[in-house]
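Count residues from 1 along the sequence.
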Amino acid sequence: MNAELAQLRKDNQRLKEHLQSSVSLMEKYKREFGLVDEETFTEIKSVVEGKRFNAKDFDVQDRNGEQ
């Protein structure tokens, strides 16, 4: 049980490191992203930074018929 827990912790740490690396790469090529990709980027970055992701920030739905 302890060995499995230790392995899971190592795997979790490794995944966090990979996620941080992917955010670094995404920041480097940020200008190449569209709105949908920007939303994905922000969601991933919020996980790395420990911030709350708000999907409503990217909601572009026309609610009242105005453009």
Side-chain angles (χ1 to χ4, degrees):
M1 179 71 174
N2 286 338
E4 291 174 1
L5 188 57
Q7 184 61 39
L8 287 173
R9 285 185 178 144
K10 287 180 186 177
D11 291 344
N12 190 31
Q13 182 60 35
R14 198 170 16 174
L15 287 171
K16 285 181 182 179
E17 290 170 1
H18 289 301
L19 193 57
Q20 289 171 343
S21 296
S22 68
V23 167
S24 296
L25 283 173
M26 291 172 81
E27 284 179 339
K28 183 175 181 181
Y29 297 104
K30 189 175 183 177
R31 287 180 274 137
E32 308 296 325
F33 291 123
L35 183 62
V36 174
D37 293 328
E38 182 68 27
E39 181 178 358
T40 303
F41 169 72
T42 304
E43 185 175 9
I44 293 170
K45 189 174 179 181
S46 69
V47 171
V48 171
E49 294 176 347
K51 296 180 180 176
R52 185 175 179 272
F53 172 71
N54 187 3
K56 290 182 180 181
D57 292 342
F58 296 93
D59 186 12
V60 294
Q61 185 177 11
D62 188 9
R63 288 188 172 33
N64 59 2
E66 296 178 2
Q67 291 292 328

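Take Ser21 and apply the side-chain contact (heavy atoms from CB on, under 4.5 Å) test, not counting sequence neighbours, and it matches no residue. Listed by chain and number, the residues in a side-chain hydrogen bond (donor to acceptor under 3.5 Å, both in side chains) with Glu27 are Lys45 (sequence neighbours excluded). Every residue two or more places apart in sequence or in another chain that forms a salt bridge (charged side-chain N to carboxylate O under 4.0 Å, His left out) with Asp11 is listed here: Arg14. Ala6 meets the side-chain contact (heavy atoms from CB on, under 4.5 Å) test with no other residue; sequence neighbours excluded. The side-chain contact (heavy atoms from CB on, under 4.5 Å) test applied to Val48 returns Leu19, Gln20, Val23, not counting sequence neighbours. Scanning for salt bridge (charged side-chain N to carboxylate O under 4.0 Å, His left out) contacts around Glu43 gives an empty result, with sequence neighbours left out. Listed by chain and residue number, Ser46, Glu49 satisfy the side-chain contact (heavy atoms from CB on, under 4.5 Å) test with Lys51 (two or more places apart in sequence, or in another chain).
Separating the NZ atom in Lys10 from the CG atom in Asn12 is a distance of 13.5 Å, to the nearest 0.5 Å.
By the 4.5 Å heavy-atom criterion applied to side chains, Tyr29 and Phe41 are not counted as neighbours.
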